Amino acid sequence: GNTTATPKATEPAKKEFKVGLVTDVGGLNDHSFNFLANKGLEKAVKDLGVTKGVVESKQMTDYETNLSRFAQDKYNLVIAVGFLMQDAVEKVAKDYPDTKFMIIDSSITDRPNVASAMFKTEQCGYLVGVMAGLMEKAPAIPNALGKNTVGLVGGMAIPPVNDYIAGFIQGAKSVNPDININLKYTGKFDDPALGKQTALSQIAAGADIVFHIAGGTGTGVIDAAKEKKVYAIGVDADQNYMAPDTVITSALKGMDVATFDVIKGAMDDKFKSGNVFFDLSNDGVGFATPTKVVPKEVVDKVNDAMKQIKDGKITVSNKMPEGYK
Amino acid sequence: MRTCLEVRDITKSFPGILANDHVNLNVREGEIHAILGENGAGKSTLMKVIYGLYKPDSGSIRLYDQELNFTSPRQAIKAGIGMVHQHFMLIPALTVAENIVLGGEPGRIHYQRKENVEIVCQLAKQYHMDIDPNAKVGDLTVGLQQRVEILKVFYRKAKLLILDEPTAMLTPQEVEELIQVMERLRSQGIPIVFISHKLDEVKRISDRVTVMRAGKTVNTVETKSTTPQELANLMVGREVVLHVSKPPQTPGEAVLEVEDLVVSSGRNEKVKGVSFQVQRGEIFGLAGIDGNGQFELIEAITGLMPCKRGKIRFLGNDITSSTVRHRTKVGIGYIPQDRQLDGLVMDFELKENFVLRDFFKAPFARVGQMKKKPIEDFATRLSEAFDVRPRQIHALARNLSGGNQQKVILAREVSRDPELLIAAQPTRGLDVGAIQFIHNKLLELRAEGKAVLLVSLELEEIMSLSDRIGVIHAGRLMAILPGGQVTREQLGLLMTGVELEKEG
Amino acid sequence: MLWDALTRPDLWAATLAMATPIALPALGGTFSERSGVVNIAMEGIMLIGAFFGVLFSYYTSSAWLGLLGALFMGALVSALFAYVTVNLGADQVIVGMGVNIFAAGLTAFLLNTIFGYGGTPRETPALPNIIIPGLSDIPFAGPILGSQNVVVYLMLILVIASHYFLFHTNLGLRIRAVGENPQAADTAGLNVRRLRYLGVIIGGMLSSLGGVYLALGLLNSFEVNMSGGRGYIALAAMIFGKWTPFGSLGAALLFGFAMALSMVLQGGGVSSNIIQMLPYALTILALTGLVGRSTAPAADGIPYNPNK
Amino acid sequence: MQKTIEGLVTPFVAIVIAVMIGAGVMLGTGHNPLTAYGALFSGAFGSTVNLSNTIANAIPLILSGLGVAIAFKAGLFNIGAEGQYWIGSMAAVWIGYSVKGLSPILHISLSILVAMLAAGLWAGIIPGLAKAFVGAHEVITTMMMSYIAIFLSHYMLENGPMMQQGFTPQSPVILPSATLGKIVERTQLSWGLAIAVVACIIVYWLLYKTTLGYRLRAVGLNSRAANYAGINVPFHLVLALFISGMLAGLAGAVQMLGVQHRLYDSFSSGYGFTAIVVALLANNNPFGVILASIFFAALSTGGQSMQLVSGVPAHLTDVISGIIIFLVATKDIVQMVQKRWRKRQTLASDKEA
Ligand SMILES: Nc1ncnc2c1ncn2[C@@H]1O[C@H](COP(=O)(O)OP(=O)(O)OP(=O)(O)O)[C@@H](O)[C@H]1O
Ligand SMILES: Nc1ncnc2c1ncn2[C@@H]1O[C@H](COP(=O)(O)OP(=O)(O)OP(=O)(O)O)[C@@H](O)[C@H]1O
Ligand SMILES: [Mg+2]
Ligand SMILES: [Mg+2]
């Protein structure tokens, strides 16, 4: 029983706090936001004693159905994972004003019962970009291919992916203006074989650090780096466990933290509607502790950049720089 | 003489049909035993039961002293039964040699191409059957395919041979060859069960005849002590007129004029400059050995194949490049040689097949909508007029016997009142009753002053019906002869490409 | 840019690597359809192979046992497929789709039940890459042919072996005969059902091997739906290759090449989405321009029941 | 009538057997099958809202299933309904938001018309012509065109011509004048249902009551005989794929105008492949397509409710649907059961005699 266990839906809620989670079509196995949001929810079950219900949507039309099903069943808070659910949340939230909703990666500001968790992943993308940019500058990394090239593998050209990429490029160029950025999209989030081939071709073209923003496809990217003995940067969660010698750091997007926080807030009657931003300043995004491959002075410089962003001295845009498509 | 095969009380039913009803059959060592019966009498079914393809509902079969209990042809083959099937059991995509050795390939794992070709050559030589072992069976003429079927059986060294209508598609020469082979086998003591609708063949080579009617065995008689007429009556259960009577008639103007026609299929020229005319009130017979371009010629006339050169005129108008539809409209009717492949949509209901040519026209359709009532009325009327059995216009064409399928096509084409009817092999595989019916229809058309172009591989049919006979060989028209006077031998020679001496 | 890409050995290495998981199920489909059973279940059987390959590899700590287990499961599911289609005469396309849906559901369900949502364990042993001593040192060909995963070499061997088997052995002749005309084969004394089982099961094992390549050859993990439509592409490759082993390989290579090329060409200013259409467009072009008609085995898809 | 009842017995028995197998799996994995199936059923049909959503989910399946069926009838395996769906969706949405100032009737009709035309051409031109004139196998061409269509939709939305100004890759919302009204509020059930039902009737009429249908079926069953009948076979092959594509495109249009109201950047609707199963299970009968679609829609909506209530993963519904498809296709299993039953009956009556 790794999934849910809720009492019968008809039973009246006593004092229990019920949280429903609707995944997008990627499902809980996506290695990315659905997985992480669910992780936050599970933590809430453990730490806060909430009751949870989880539904994996199979097609676009299921979003509305599933969200309203939770609302009908008098769930206190319903979490919609992913920007694809924006329209559905707007509709259902209007139909069920007494139910609270949280949407991840999308901005809904005109409903008092909707909280939108927005992540400034361009910021953490920037930081790992700085790290990669510095390491590409000789003589920072062992096994360097000497082509001053990094590989970026994106799933699709959609905001949750491109935010990272935009930040990464800005960060890398800020310290290493000549760096070659080899950006490819796989068009899929669930094809690790394709991810691996894509990364292999980048490595063959000289990339010695690959950064993936491609969910399950990305596991293949890390695998390629491991096989070719170059380096990889993980995404969303700390992915070092996948290949400890290969994954030097990960760009973190605290969806589990955000989910947990919003649940906790709602339980304590401190639910805040509108955009809730998660960024470096509130540890909503960040980067995983680098492995010892990354020289100390590089880490220092990254921390420095982090400070500057927090202080507002650097602003990172989530717009893709010119020339990247 | 010892009994070789004994069939007792075999019953086999299909949903709704009792195909074999307590059938008895007794085949002696060293005899050729003919089976006669109308289409659908149950002959093939019985043979398939013996061969293990169908499981009988009841009854028993003994081969010599051994009780047979077949569940598949494998056991029949092992027991020494060989069968040539009415509908060829060949694999067109494979070569002759592959077809012949299939199921009994020499060697263990590797397919021994060279050896197998050699085996087939030997076999062919032994039985005087010329064949190219490396040819693809799909490229062979029907007659050659028949040879492959027979060689297949010889390869297995059968103790008992079943031949289900082996001569239906052979030319007279090929029939002769086959008969010689059969006689040789008989002299070796191998009994043969032989099914045919051709009474003269049966009379000529069989020792005894068993007649089947409606799933039952009617009688078994010594061939010597009977006549074709008696056999026909026994088969049909009533008096049959075996000879067609063709009143003399003067033909009228030309309906179809073909001028220097060239037709090619793929890279080969199949018809190489043919010219002839068909006139009102005549049956023009086109004789030839299968594969000499006669079918390409008529497909070009009906518009199913393009012409490379030459002219086709119909009622004075050039139709060389008209569509099929146009030719149908102006009055060409066509009975294709392969009824199941070209003439019918097997999974359409009969009523839909009855209107295959005119479905788009009033009264069957108006502004693109099919009209149910007129179609059904039409189908019912034709079924009755042409005695299509069963009389169910909603039955699928697939579920009709071959003879009845043919009647559907004939009914459809004749009912359109065509100025010219092209009939290709219209009686192939049909029983005497059905043949007679169709021949009479063709003669009726002739009497009405229509033109008929008859293509047949069967010389008897051509000779008894045609007013004039064109002989085609290798894509060329060898001669056009008056129907009444020509002999079998003359035709036979022309068909093999020997020019007759010019007379006068 | 294009020329530059074409002269890079890694493009061709990627071509081969990408072609392998298409060629194997295409080969599998060829076996099945040559015996007269239309098989669109390759996608599902690949998933079965991928998942059980990982599962067995993890529990036995041997990728080779994983491979064997996957082949066994592929054979098992195919045998079920064969039973329903050959013995019971079910519509092969429907059942094939049923297998695909079933396999996608089953593997995802088992993945989550056994391993949870985080994916399969990292310590699953994978099948090794093989470095062929002499070959891998040759300048251009070395990186392409000299060091690939063992399954890639296996695939190449299997293509040749399949060609030999189908076209130069007695059993191959029999399988083809059954696919062309089962009734004729029956009257020649062949056991139609058994031969169709053979075709379907060999086909299933080959498709399964395609899945094993993805999960244990290329990677060492299973992802939900990781076959990613390759089973359907393999269907196209099989038809494209006119139901022959070398043809299937050729079509798979063409497809793999186009995939690899579209990866390399990305980033030149043209939208990646346009570039990613390349493999599909190229396939249509090649089909209409070069290959044209391809005719299935004559009895492909037609159940055989002698008593009907 | 008898035929219809017999036609329904097989799927029914198949469903019963599959449900029992599913129950076994649930017991084996520690779930309560009664709760789970109860949730599945009530999730699909248990309330007006659920029933409406189930029917709403069936609509695109009905329409694309009809498209696949009509191609099958003409002897063509259109495996690319998915792509034609996307083309239809794109076209409908584009007309839906960009053409202004039309009355609802006009606007909706125009969107639907353009969608059908675009999808029809998508299927008819390349796969159709290639089939008719080069003999290129339609399984390959329609499948490839399907992938191309999906990438085209990504292109349109990811900073492409149809992307709405702003953050997410999605098109603008269609104008109210292009929106199909709801039949039941707070559900996804729109008047697209009427379109689907009318489409079924038209397809039935077309196939069985018109000369066009006669021609298509003749070409599908025996193209040589069709040629002999004076039917232009290549033209009808193209036409069949064109009509087939039009229906899949209509599915997209109805979904966009009735439910989604804008185009999202997504991987696959999943309708294309399900449509194949729907068409085959329905034996290509237009009215059977309705039943089969509702069945799949119910499994899908009910399955998620099952996951919610009983904790049985939704993937298990895939396992069960797979088994059901298996069994429904296997008419003989059901016949075997029936035969055994009949035998027992005759035995009993023999004893009586
Ligand atoms: N597989 C079958 N299914 C249903 N009915 C069949 C089947 N085979 C034969 N029949 C029916 O059984 C009857 C006998 O057919 P059979 O083929 O034995 O006739 P036949 O004597 O060989 O005829 P012909 O002279 O045309 O070859 C026919 O009514 C036929 O329609
Ligand atoms: N499923 C079926 N149901 C009913 N009748 C069938 C079925 N399958 C075959 N038949 C009929 O059974 C008969 C036996 O088949 P067979 O192949 O021996 O043909 P036939 O009657 O001898 O035909 P022909 O005269 O063309 O040689 C055929 O008449 C055929 O139409
Ligand atoms: Mg017969
Ligand atoms: Mg016959």
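Remember, it's a predicted structure, so these values are computed and weren't measured experimentally. Chain identifiers are assigned alphabetically (A, B, ...) following the order of the sequence lines, protein sequences preceding nucleic acid strands; residue numbering begins at 1 within each chain.
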message: Return the CE to CD1 distance between C/Met238 and D/Ile140, rounded to the nearest 0.5 Å.
response: 8.5 Å

task: Enter the distance from D/Leu281:CG to C/Met97:CE here, rounded to the nearest 0.5 Å.
output: 10.5 Å

Closest heavy-atom pair and its distance - C/Gly229, D/Tyr147: O-OH, 3.8 Å

field: D/Tyr155, OH atom: more than 12 neighbouring heavy atoms under 6.0 Å
entry: no

query: So do C/Ile274 and D/Phe151 actually touch side chain to side chain, heavy atoms under 4.5 Å?
result: no

message: If I measure from the heavy atoms of chain C, does D/Ile126 come under 4.5 Å with its side chain, its backbone, both, or neither?
response: side chain

query: Which region of C/Leu278, side chain (C-beta onward) or backbone (N, CA, C, O), has a non-hydrogen atom less than 4.5 Å from a non-hydrogen atom of chain D, or is it both or neither?
result: neither

query: Does the side chain of D/Phe326 come within less than 4.5 Å of C/Ile94's, by heavy atoms?
result: no

message: What I'd like to find out is whether the side chain of C/Thr288 reaches to under 4.5 Å of the side chain of D/Phe133, using heavy atoms alone.
response: no

query: Any idea which of C/Val224, C/Leu106, C/Ile239 has the most non-hydrogen atom pairs under 4.5 angstrom with chain D?
result: C/Ile239

query: Which distance, rounded to the nearest 0.5 Å, do you find between the OG of D/Ser146 and the OH of C/Tyr280?
result: 10.0 Å

message: The test is ring pair (Phe, Tyr, Trp, His ring centres under 6.0 Å); show your working for C/Tyr232 and D/Phe273 and say whether it passes.
response: CA-CA 11 Å; C/Tyr232 294 114; D/Phe273 280 117; 4.3 Å; yes

- prompt: Out of C/Ala296, C/Gly44, C/Gly96, C/Gly105, which one racks up the most heavy-atom pairs below 4.5 Å with chain D?
  reply: C/Gly105

- request: Check whether C/Leu235 gets within reach of chain D through its side chain, its backbone, both or neither, counting any heavy atom under 4.5 Å.
  value: side chain

- prompt: Does C/Phe109 reach the side chain of D/Asp318, with side-chain heavy atoms less than 4.5 Å apart?
  reply: no

query: Is any side-chain heavy atom of C/Val95 less than 4.5 Å from a side-chain heavy atom of D/Ile325?
result: no

- line: Turns out that what part of D/Ile320 lies under 4.5 Å from chain C's heavy atoms comes down to neither

query: Hey, are the side chains of C/Leu111 and D/His315 touching, using non-hydrogen atoms and a 4.5 Å cut-off?
result: no

